Asks: 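One structure follows; several queries about it will come next.
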Protein chains: 2
Amino acid sequence: MAGKNFNLSAFLPYRLAVLSERVSRRLAVEYERLHGLSVAEWRVLVHLLRHEKVSVREIHTCVNLDKPRVSRAVARLEAAGFVDKIQDTADARLVAISLTEKGLAALGDILPEAQTIEAHLLACLSPREVQSFFTVMEKLHGVLDGDPKARPRMPADVDGLRD
Amino acid sequence: MAGKNFNLSAFLPYRLAVLSERVSRRLAVEYERLHGLSVAEWRVLVHLLRHEKVSVREIHTCVNLDKPRVSRAVARLEAAGFVDKIQDTADARLVAISLTEKGLAALGDILPEAQTIEAHLLACLSPREVQSFFTVMEKLHGVLDGDPKARPRMPADVDGLRD
DNA sequence: TGACTTTCGTTGCGATTGCAACGATAACAA
DNA sequence: TTGTTATCGTTGCAATCGCAACGAAAGTCA
């Protein structure tokens, strides 16, 4: 049989999954330790740092979480006092979510840790390697962008790299 | 505040998570379409291709799935007839799992698709880029290996690259 | 105006997840 | 032997997941 020598450990999707999960979990240790946050909650908070009064929909399209996940994350963040959620005056369907002081303070605790972890990871690479790594990830996304069976990518992840 | 210009879309852990999930889902389309398999079941089957009569524990340490997940995946695979599970004669605690003809046939369907997807992804990269990409992933693992707060890596993923 | 379609955020629900136990068996030590 | 410890695979359980469907609120157009 053809695949007899198929090696899972060298299979790109598997490798990506294993590395990504390990990195995610390492980060999650800090979210959890500092303020009991989940990945979804962390992503929402980070998004709010740069965008005030945003809707669930906008967060959803920017941080790669489906709508229900964002909705529930926001609900938990609001209950914890990290976030304010008020109804939009112009469009009653919309909700305007923004950071509270407490939320900002929490980010102040977590962000440095997160950036330290990232810096720690990148420190083992040469500038050329870093550059190449991100380029390759981008190219792989490009392949999936052209694959009708792949889930389309959130626009923010394409544009977001520019600033 | 320091992190005001923090950009999630350029944050390494986030980028890795997004890409990895997209690739995984693209693959999962094929598992599902062809034989209704989950990621866990796919990984177990692939492992069995190279290792006959293995225990749950061994699979667990080789394919980055926790024990309960392997146990349940095997149970489903057995119910579907893809796998045989017999009790080890020497050690009654152990179970010997191996592929059935049907399981082998299923792999025969899925493996080519999986390899095509991987090839399709890699085709957009130069040999140097591929080499660099895997090297970088390895180095990132190396950083986590030295980080006490990171979850240790499964030995098989270290050794597995050698063949 | 009024019937339709679309978009909003939320909720329901079955399935899956991760983790901590569990009973059963084996290995080890006194 | 017998008591202790370690390891096996499995199960319980609460939390989370993804997806579909929902009611409410615009938007659209005859």
Side-chain angles (χ1 to χ4, degrees), chain A residues 17-18 20-22 24-26 28-29 31-32 36-44 47-48 53-80 83-98 151-152 154, chain B residues 17-18 20-22 24-26 28-29 31-32 36-44 47-48 53-80 83-98 151-152 154:
Chain A
V18 171
S20 165
E21 199 204 323
R22 200 145 93 113
S24 275
R25 276 179 180 273
R26 174 62 188 89
V29 168
Y31 314 147
E32 228 304 320
L37 300 182
S38 71
V39 179
E41 288 151 12
W42 147 257
R43 286 192 191 174
V44 169
H47 181 78
L48 291 175
K53 316 248 179 188
V54 291
S55 65
V56 168
R57 170 63 107 194
E58 158 158 354
I59 300 177
H60 152 63
T61 59
C62 286
V63 301
N64 243 270
L65 299 168
D66 61 16
K67 255 191 316 172
R69 218 130 105 72
V70 173
S71 177
R72 291 193 237 253
V74 167
R76 280 191 297 261
L77 288 171
E78 188 187 23
V83 145
D84 274 342
K85 188 169 71 173
I86 64 173
Q87 183 157 319
D88 189 291
T89 48
D91 187 337
R93 294 171 305 178
L94 290 176
V95 84
I97 302 158
S98 47
R151 157 179 305 204
M154 296 284 90
Chain B
V18 171
S20 165
E21 198 203 324
R22 200 145 92 112
S24 275
R25 275 179 181 274
R26 174 62 186 90
V29 168
Y31 314 147
E32 228 304 320
L37 300 183
S38 71
V39 179
E41 288 151 12
W42 147 257
R43 287 192 190 173
V44 168
H47 182 78
L48 291 175
K53 317 249 179 186
V54 291
S55 64
V56 168
R57 170 64 107 195
E58 158 158 353
I59 300 177
H60 151 63
T61 60
C62 286
V63 301
N64 244 271
L65 300 169
D66 62 14
K67 256 192 315 171
R69 217 131 105 72
V70 173
S71 177
R72 292 193 236 251
V74 167
R76 281 191 297 260
L77 288 171
E78 188 187 23
V83 145
D84 274 342
K85 188 169 71 171
I86 63 173
Q87 181 156 322
D88 190 291
T89 48
D91 186 337
R93 294 171 304 178
L94 290 177
V95 84
I97 302 157
S98 48
R151 157 179 305 203
M154 296 283 90

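Because the structure is a prediction, the values reported are computed rather than measured. In what follows, chains carry the letters A, B, and so on, assigned in the order in which the sequence lines appear, proteins first and then strands, with residues in each chain numbered from 1.
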Asks: Rounded to whole angstroms, how far apart are NZ on K67(A) and C1' on dT16(D)?
Replies: 19 Å
Asks: Quick one: on DNA chain D, does D91(B) or R93(A) contact a more 5' nucleotide (nearest heavy atom)?
Replies: D91(B)
Asks: Roughly, in whole Å, what's the span from CZ in R57(B) to P in dT25(C)?
Replies: 18 Å
Asks: To the nearest 0.5 Å, what is the distance between CG on N64(B) and CZ on R43(B)?
Replies: 6.0 Å
Asks: From CD of E58(A) over to P of dG9(C), roughly how many Å is that when rounded to an integer?
Replies: 10 Å
Asks: Rounding to an integer number of Å, can you tell me how far R72(B) CZ sits from dT17(C) P?
Replies: 9 Å
Asks: Take the protein atom CZ of R69(A) and the nucleotide atom C1' of dT17(C), then report the distance between them rounded to whole Å.
Replies: 12 Å
Asks: Measuring from the side chain of D66(A) (C-beta onward, heavy atoms only), which nucleotide among dT10(C), dC19(D), dG9(D) has the closest atom?
Replies: dC19(D)
Asks: Start at the 5' end of DNA chain C and walk down; is the nucleotide closest to P68(A) or to R76(B) reached first?
Replies: P68(A)
Asks: Can you check whether S38(B)'s main-chain N or O pairs, donor with acceptor, with E41(B)'s side chain at less than 3.5 Å?
Replies: yes
Asks: May I ask you to verify if any side-chain N or O of S55(B) is less than 4.0 angstrom from the OP1 or OP2 atom of dG9(D)?
Replies: yes
Asks: Which whole-number value in Å describes the distance from I59(B) CD1 to dC8(D) P?
Replies: 13 Å
Asks: So which nucleotide from dT7(D), dT10(C), dC19(C) ends up closest to the side chain of R25(A)?
Replies: dC19(C)
Asks: On a plain distance test, is the side chain of R151(A) in donor-acceptor contact with the base of dG18(D) below 3.5 Å?
Replies: no
Asks: Send over the distance from L94(A) CG to dA24(D) P, rounded to a whole Å.
Replies: 17 Å
Asks: What is the distance from CG of D88(A) to C1' of dA24(D), rounded to the nearest Å?
Replies: 15 Å
Asks: Mapping S38(A) and A90(A) to their closest nucleotides on DNA chain D, which lands nearer the 5' end?
Replies: S38(A)
Asks: Within the structure, does a side-chain N or O atom of S71(A) lie under 4.0 Å from either OP1 or OP2 of dT10(C)?
Replies: yes
Asks: Kindly determine whether R57(B) and T61(B) satisfy side-chain contact (heavy atoms from CB on, under 4.5 Å), including the steps that lead there.
Replies: CA-CA 6 Å; R57(B) 170 64 107 195; T61(B) 60; 4.1 Å; yes
Asks: If only atom types and distance count, is the side chain of R151(A) paired as donor or acceptor with the main-chain N or O of R22(B) below 3.5 Å?
Replies: no
Asks: Is there a side-chain contact (heavy atoms from CB on, under 4.5 Å) between L65(A) and I59(A)? Walk through the geometry before answering.
Replies: CA-CA 8 Å; L65(A) 299 168; I59(A) 300 177; 5.6 Å; no
